[in-house]
Amino acid sequence: MLRFLYFLGALALVLGSSVAGVPSQKAIPAAADDPNFLANWMHHALPVLQSSTILDLSLPGSHDSQTYDLSTTVSDGANDLDPTLSWILHTFKGMFGIGAFIRDQAKTQGLSIVDQLNNGIRFIDFRIMYTAGPDGSSLGHHDWYCLHLLESNERAMVYLTEARKWLDDHPDELVVFWLSRHGNECHTQYPDVGQAEMLKFWAQYEALFEGLLFDRAQSSLNGTTVGELLHKNHRVVSFVSDFAKFTNGTTKAIDGCDIDNQTGDDSMDEAKNVPQLLAELKAAGAVKAADKRQGRFYLRSMAAGAGGQEKLAALIKYDPFSKSKHRAQCAQLFNIPGMTDWCPMALQDISQLTNYYNQIVLDAVISGGPGYELPNAVYLDAVDVGGLIRTGTDLFGPANRAGSGDAHGSTGFCYVDTFILYNINRVCAAKSMPQCGELQQLLAARRKLHPLTRWDDAAHGRLAAWPKLP
């Protein structure tokens, strides 16, 4: 009898702390400035979010997630280029020394995939292409690399292996990956690539994430809860474009056609873009509910667009006679009052300018009154340490210039904490739980560390009282 009582006591302790890998119902306390909170935010929020499905959640994502590690070599089959031109630029990459300039026009992120995950990102825009490596000609050995016009320094599997290790170290976190070449949901993605090479890569992907893959034969996006997915240890959700060719229809991936990918209008017209995004978030709840009924994942891009800046940036860099003229022409593209003589010379410059106005929209979800909702994920550029999006003028990450010393050079907005608090508020508004108040207080305190911050620097396109809001 005594042994039996000991057994019952031990069983009670186990069940009180963890059931099949699911943490207890009690949220783990954390300080507002806890540097490890974002790496484990789903774990902290699980007591509230465990009964939600993937299609109930709203995840903070990164756009062109792997561009922090681009080489200076144009990928074979590069996005936005004719395949023959891609081949020529890859093979003769040393001509004119333009690789570093192109990288400035392609890089959107400054943090590695592990750093993004550690800082709370849970939607990864993973773009790949079958190409010769960055150090060889297009006739050399081919493999799958990440890309955004240029290919990555390492093979795609290197970055995915880093993600797998991270997932093993964070057993209560879910991550959604979208594999494509250029962010197209359904269309043929990979020019001049045979299906055998696609299937070979997918077999490597399945082997790498063995035991972690969401499986449509066992679960559904709109019916299986987060708690149930953790119980199964199915924590990697994989959307794949060119689905049939790439995966042969496996149940361990989801067709990219099931992403409702909203790319929006030109991000270089913020007077139009900010009100439009606010209007979209007013309607997002209805769109999200309709998509959930169909098993679709509602995704919204808030990434930057170049809109002709690349050409003018090239003229400024390579034409010594008309720099002032080209700077003025470039500045005019952005339609921001008082921005007359600054040309963002890198895509990340534009990304951080776009984020300055994105923060207005994202903050409205918490501070703008009732009716503002988030999609299943947003993906955007310049994700920063602390789960921020960089809104200041200093670029960061590999191969970037030194900081300017400007007072707002490294300013950022509380991107990830805003998403977590939105998810908590949504669930707690429908069902009160003991952990609601504790998590809401914690996240409100975290958001105060990096709130919506606006200032006047018209020369660099930052204005405190523009654009006019509805």
Side-chain angles (χ1 to χ4, degrees), residues 58-65 108-111 116 119-121 123 125 183 261-284 298-307 309 334-336 339 344 346-368 372-396 408 410-422 447 450-455 457 460-470:
S58 296
L59 302 177
S62 60
H63 168 255
D64 274 314
S65 304
T108 68
Q109 302 296 344
L111 300 185
Q116 290 179 38
N119 286 283
I121 297 303
F123 175 88
D125 176 22
N261 184 31
Q262 298 297 316
T263 56
D265 288 330
D266 186 2
S267 62
M268 295 173 71
D269 187 355
E270 298 296 354
K272 173 184 177 184
N273 197 46
V274 171
Q276 177 181 307
L277 281 169
L278 287 168
E280 284 190 30
L281 294 191
K282 279 282 190 180
Y298 177 24
L299 176 65
R300 192 21 164 119
S301 171
M302 294 179 71
Q309 164 272 348
F334 291 85
N335 301 294
I336 298 175
M339 181 175 157
L347 180 55
Q348 197 171 329
D349 279 315
I350 305 174
S351 299
Q352 292 172 203
L353 176 60
T354 300
N355 282 347
Y356 179 85
Y357 293 100
N358 280 338
Q359 67 173 331
I360 301 170
V361 177
L362 293 171
D363 190 68
V365 174
I366 304 299
S367 306
Y372 291 102
E373 304 284 348
L374 287 171
N376 293 124
V378 165
Y379 63 144
L380 41 61
D381 303 328
V383 172
D384 204 352
V385 172
L388 311 182
I389 49 172
R390 180 72 64 96
T391 58
T393 51
D394 288 353
L395 303 189
F396 64 103
H408 287 290
S410 61
T411 299
F413 170 74
C414 51
Y415 173 50
V416 174
D417 286 308
T418 294
F419 271 70
I420 304 172
L421 181 55
Y422 167 79
R447 275 177 35 86
H450 300 281
L452 169 67
T453 304
R454 302 178 68 183
W455 63 93
D457 178 9
H460 294 98
R462 276 81 168 168
L463 297 174
W466 181 91
K468 183 179 180 180
L469 302 179

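Both backbone and side-chain heavy atoms feed into the values below; hydrogens, waters and symmetry mates do not.
- The two residues T263 and R300 come nearest to each other via the heavy atoms O-NH1, 3.5 Å.
- Residues meeting the side chain to side chain donor-acceptor pair (under 3.5 Å) test with T108, sequence neighbours left out: T67.
- Remark: D363 CG to C414 SG distance equals 6.5 Å, nearest 0.5 Å.
- Considering only residues two or more places apart in sequence or on other chains, D381 meets the salt bridge (Lys or Arg N to Asp or Glu O under 4.0 Å) condition with none of them.
- Y357 is linked by a ring-ring contact (aromatic ring centres under 6.0 Å, His included) to W466, counting only residues two or more places apart in sequence or in another chain.
- The closest donor-acceptor contact from the side chain of T391 to the backbone of N355 lies at 3.5 Å or more, if one exists at all.
- E270 and Y356 form no side-chain donor-acceptor contact under 3.5 Å, judged by distance and modelled atom types alone.
- In this structure a side-chain-to-backbone donor-acceptor pair under 3.5 Å is present from D125 to D64.
- Of the possible donor and acceptor atoms, none in the side chain of S367 sits under 3.5 Å from a partner among the backbone N and O of A364.
- No side-chain heavy atom of D394 sits less than 4.5 Å from a side-chain heavy atom of D349.
- Without hydrogens or angle criteria, D417 side chain to R447 main chain gives no donor-acceptor distance under 3.5 Å.
- Looking only at distances, a side-chain donor or acceptor of Q359 sits under 3.5 Å from a matching main-chain atom of T453.
- Heavy atoms only, all atoms of each residue included: G461 and M339 are closest at CA-SD, 3.7 Å.
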Practice item. Let me see the working for T354 and M302 under side chain to side chain contact (heavy atoms under 4.5 Å, CB included), right down to the final yes or no. Key: CA-CA 8 Å; T354 300; M302 294 179 71; over 6 Å; no
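- Residues I360 and L469 approach most closely at CG2-CD1, 3.9 Å, considering heavy atoms.
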Point to revise | H408 vs D457, side chain to side chain contact (heavy atoms under 4.5 Å, CB included): CA-CA, chis, key distance, verdict | key: CA-CA 10 Å; H408 287 290; D457 178 9; over 6 Å; no
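- Interatomic distance, CG of L347 versus CD of Q309, reported as 7.0 Å (0.5 Å rounding).
- Separation of atoms CD (Q109) and NE2 (H63) is listed at 8.5 Å; rounding is to 0.5 Å.
- By the salt bridge (Lys or Arg N to Asp or Glu O under 4.0 Å) test, R462 pairs with no residue at all, sequence neighbours left out.
- Judged as a side chain to side chain donor-acceptor pair (under 3.5 Å), and not counting sequence neighbours, the contacts of N261 are Y379.
- One finds a salt bridge joining R390 and D384 here, because a Lys/Arg side-chain nitrogen approaches an Asp/Glu carboxylate oxygen to under 4.0 Å.
- Between L111 atom CG and L388 atom CG the span is 9.5 Å, to the nearest 0.5 Å.
- Distance check: F413 CZ to I389 CD1 gives 6.5 Å after rounding to the nearest 0.5 Å.
- Under the 3.5 Å distance criterion, the side-chain polar atoms of Q352 are left unmatched by any main-chain donor or acceptor of A382.
- Partners of H460 according to the ring-ring contact (aromatic ring centres under 6.0 Å, His included) rule, which considers only residues two or more places apart in sequence or in another chain, are W342.
- Of all non-hydrogen atoms in Y422 and S58, the two that sit nearest each other are CE2-OG, 3.3 Å.
- The backbone N or O of S301 lies less than 3.5 Å from no partner atom in the side chain of Q262, so there is not a single donor-acceptor pair.
- One finds the CD1 atom of I121 at 8.0 Å from the OG atom of S65 (value rounded to the nearest 0.5 Å).
- Taking every heavy atom of both residues into account, Y372 and L278 meet most closely at CE2-O, 3.5 Å.
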